[in-house]
Asker: 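Take this structure, written in structure tokens, and hold onto it; I'll ask about it next.
Order of the sequence lines sets the chain letters (A, B, ...), proteins ahead of strands, with each chain counted from 1.
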Number of protein chains: 2
Amino acid sequence: MQLRMTNQREIILRELNTSQRHLAADELYDRVKKVMPRISLATVYRNLEILSEAGMIGKLEISGRQKRFDYDPSEHDHIYCVVCHRVDNLEMAHKGLTAEEFGAVVGYSVTGYRLEIIGVCPECQTKNENKESKK
Amino acid sequence: MQLRMTNQREIILRELNTSQRHLAADELYDRVKKVMPRISLATVYRNLEILSEAGMIGKLEISGRQKRFDYDPSEHDHIYCVVCHRVDNLEMAHKGLTAEEFGAVVGYSVTGYRLEIIGVCPECQTKNENKESKK
DNA sequence: TTACATTTAGTATAAATTCTCATAAGGGAA
DNA sequence: TTCCCTTATGAGAATTTATACTAAATGTAA
């Protein structure tokens with residue numbers, strides 16, 4: 001299963017990479033449009049799916065939110081800001097976690113796990129402090 | 001902020017409790033309608049939000065899926081079946097996890113974490129075996 | 001070329017959830 | 001009680017995110 005690198009595919013991949021951010025499809029669409037104005041949102045969705053399928057990017061299904069895509073497909077955990085919804089990469093936070101053992105207790109066969117640390121990012125902390133001090 | 005226990009609120013809470021399952025809003029709506037046929041779906045959504053806000057139920061935002069609500073509001077992790085999307089409770093799987101420390105590295109202030117173990121539930125394993133042997 | 005498969009743009013549709021708003025219900029205070 | 005006020009409800013519209021569909025465009029291979 002060779003992956004054909006179409007023009008739009010290439011630009012989508014490049015824009016995600018250069019962003020160095022965890023973008024949602026519509027955010028990436030906005031960026032890609034600047035380079036290729038006639039691209040369709042559906043194309044962005046389609047190719048993000050294909051690229052993550054091919055292991056070239058990561059797909060981030062943060063709880064209860066829009067999907068985001070990760071320029072870095074390697075295995076790692078994430079931290080999520082509840083204020084601005086930004087996501088950052090994290091060194092694996094689960095050292096010593098034995099997901100398989102936990103699954104076995106309830107009869108599941110375990111294929112993976114998903115761990116998000118939840119908090120407030122540095123920027124939003126600063127903004128909030130400013131707001132507080134204005135009162 | 002006292003929580004007024006309206007009739008619909010009470011029935012929603014009771015039906016979730018007696019289900020002993022992690023229901024999505026529309027599933028719970030179906031159950032509640034049998035007791036109170038004229039209830040509105042919006043009322044179910046509204047009150048699930050209010051009840052989880054009040055800490056009387058848990059809100060489960062499983063990645064990339066419909067929200068589910070947990071009759072058990074106490075702190076615990078979850079395991080999720082990729083085949084039937086069912087969710088089960090799990091004893092805390094993160095013993096020794098220091099979410100705060102991980103957050104600190106990237107400057108976040110950490111308020112929590114979310115851990116889902118992902119796998120295939122016993123029922124879906126059995127179904128799959130049957131399907132395999134039929135071939 | 002011709003012939004076939006894949007991809008795309010643009011639009012329609014779907015699913016889950018939230019919003020709006022008129023009406024109804026419930027709880028004091030007189 | 002009766003009146004008033006706040007809050008909740010039902011019904012449907014609107015929103016958000018994502019996928020499906022279709023005809024046109026493009027690529028590929030003989």
Side-chain angles (χ1 to χ4, degrees), chain A residues 1-16 22-54 56-70 80 82 84-87, chain B residues 1-16 22-54 56-70 80 82 84-87:
Chain A
M1 55 151 257
Q2 265 275 57
L3 180 60
R4 195 152 105 194
M5 258 304 157
T6 66
N7 229 294
Q8 13 286 88
R9 209 107 88 195
E10 190 139 2
I11 290 172
I12 288 167
L13 184 59
R14 176 157 49 78
E15 287 301 312
L16 182 60
H22 299 74
L23 299 176
D26 63 319
E27 295 169 335
L28 188 52
Y29 173 57
D30 288 342
R31 287 178 185 239
V32 170
K33 259 197 306 194
K34 293 189 179 141
V35 184
M36 181 180 263
R38 307 217 43 194
I39 199 169
S40 153
L41 178 58
T43 300
V44 175
Y45 271 105
R46 202 182 321 108
N47 283 314
L48 283 172
E49 206 55 46
I50 289 167
L51 288 167
S52 83
E53 203 74 8
M56 302 179 71
I57 61 175
K59 177 162 62 168
L60 271 177
E61 314 200 8
I62 292 295
S63 310
R65 300 239 111 241
Q66 230 177 334
K67 280 185 196 130
R68 288 179 177 276
F69 295 86
D70 192 339
Y80 163 68
V82 289
C84 67
H85 308 137
R86 140 181 180 182
V87 175
Chain B
M1 54 152 262
Q2 264 277 58
L3 180 59
R4 196 151 106 193
M5 256 306 156
T6 67
N7 230 292
Q8 13 284 84
R9 209 106 87 194
E10 192 141 1
I11 291 173
I12 288 167
L13 185 58
R14 175 156 48 77
E15 287 302 310
L16 182 61
H22 299 75
L23 299 176
D26 63 320
E27 295 169 336
L28 188 52
Y29 174 57
D30 288 341
R31 289 179 183 238
V32 169
K33 258 198 304 195
K34 292 189 182 140
V35 184
M36 182 180 262
R38 309 219 40 197
I39 197 169
S40 153
L41 178 59
T43 301
V44 174
Y45 271 104
R46 208 181 311 114
N47 283 314
L48 283 172
E49 206 54 47
I50 289 167
L51 289 167
S52 84
E53 203 74 8
M56 301 179 72
I57 62 176
K59 178 162 59 166
L60 271 177
E61 314 200 8
I62 293 294
S63 311
R65 300 240 110 238
Q66 226 178 341
K67 281 185 195 132
R68 290 181 175 274
F69 294 86
D70 191 341
Y80 162 68
V82 288
C84 68
H85 307 135
R86 140 181 178 182
V87 175

Asker: Rounded off to whole Å, could you give me the OH-to-C1' distance for the B:Tyr45 and D:dG12 pair?
Answerer: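 To the nearest whole Å, that distance equals 15 Å.
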Asker: Counting just side-chain N and O atoms, does A:Gln8 come under 4.0 Å of either OP1 or OP2 of D:dT26?
Answerer: no
Asker: Would you mind telling me which of D:dA18, D:dA11, D:dA8 lies closest to the side-chain atoms of A:Gln66?
Answerer: D:dA18
Asker: Any side-chain N or O of A:Thr6 below 4.0 angstrom from OP1/OP2 of D:dT26?
Answerer: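 Negative; the distance criterion is not met.
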Asker: Calculate the interatomic distance between B:Asn47 atom CG and D:dG10 atom C1'; express it in whole Å.
Answerer: 12 Å
Asker: Can you tell me how far P of D:dT17 sits from CZ of A:Phe69, to the nearest Å?
Answerer: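 Computing the A:Phe69:CZ to D:dT17:P distance gives 13 Å.
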Asker: Both B:Pro37 and A:Ala42 contact DNA chain D. Which one's nearest nucleotide lies toward the 5' end?
Answerer: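 Closer to the 5' end of DNA chain D: B:Pro37.
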Asker: NA contact type, B:Arg38, heavy-atom cut-off 4.0 Å: base, sugar-phosphate, or nothing?
Answerer: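 Here B:Arg38 touches the backbone only, sparing every base.
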Asker: Find the distance B:Lys67:NZ to D:dT16:C1' and express it as a whole number of Å.
Answerer: 12 Å
Asker: Tell me whether the side-chain N/O atoms of B:Arg9 come closer than 4.0 Å to OP1 or OP2 in D:dA8.
Answerer: yes
Asker: Using a strict cut-off of less than 4.0 Å between a Lys/Arg side-chain nitrogen and an Asp/Glu carboxylate oxygen, indicate whether B:Glu49 and B:Lys59 qualify as a salt bridge.
Answerer: yes
Asker: Could you tell me whether the side chain of A:Lys67 reaches within less than 4.5 Å of the side chain of A:Leu48, counting heavy atoms only?
Answerer: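 Answer no - side chains too far apart.
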Asker: Please report, rounded to the nearest Å, how far the P atom of D:dT9 is from the CG atom of B:Leu51.
Answerer: 10 Å
Asker: Which whole-number value in Å describes the distance from A:Asp26 CG to D:dT15 C1'?
Answerer: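 Taking atom C1' of D:dT15 as the reference, CG of A:Asp26 is at 13 Å.
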Asker: Between C1' on D:dT22 and CZ on A:Arg46, what's the gap in Å once rounded to a whole number?
Answerer: 12 Å
Asker: Let me check something: any side-chain donor-acceptor pairs from residues 5-15 of chain B under 3.5 Å, sequence neighbours excluded? List them with distances.
Answerer:
unit_1: B:Thr6; atom_1: OG1; unit_2: B:Arg9; atom_2: N; d: 3.1
unit_1: B:Arg9; atom_1: NE; unit_2: B:Arg4; atom_2: O; d: 3.1
unit_1: B:Arg9; atom_1: NH1; unit_2: B:Asn47; atom_2: OD1; d: 2.6
unit_1: B:Arg9; atom_1: NH2; unit_2: B:Arg4; atom_2: O; d: 3.1

Asker: Ignoring hydrogens and angles, tell me if any N or O in the side chain of A:Glu27 forms a donor-acceptor pair with the backbone of A:Ala24 under 3.5 Å.
Answerer: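 Yes; at least one donor-acceptor contact below 3.5 Å.
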Asker: Taking atom NZ of B:Lys34 and atom OH of B:Tyr29, what is their separation to the nearest 0.5 Å?
Answerer: 12.5 Å
Asker: So which atom in A:Val87 and which in A:His22 form the shortest heavy-atom distance, rounded to 0.1 Å?
Answerer: O-ND1, 3.0 Å
Asker: For B:Asn7 and B:Arg68, take the nucleotide of DNA chain C holding the closest heavy atom to each; which residue's nucleotide lies nearer the 5' end?
Answerer: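 Residue closer to the 5' terminus by nearest nucleotide: B:Arg68.
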Asker: Within the 3.5 Å criterion, strictly below it, is a donor on A:Arg65 or A:Tyr80 matched to an acceptor on the partner's side chain?
Answerer: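 Side chains of A:Arg65 and A:Tyr80: pair found under 3.5 Å.
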Asker: I need the CG-C1' distance between A:Leu28 and D:dA18, as an integer number of Å.
Answerer: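 Distance, rounded to whole Å: 15 Å.
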Asker: Does anyone know the first and last nucleotide of DNA chain C in reach of chain B, 5' to 3', at under 4.0 angstrom to a heavy atom?
Answerer: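 Terminal contacting nucleotides, 5' to 3': C:dA16 to C:dC19.
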Asker: Contact class for A:Leu41 vs. all strands (heavy atom < 4.0 Å): base, sugar-phosphate, or nothing?
Answerer: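 It contacts nothing in the nucleic acid.
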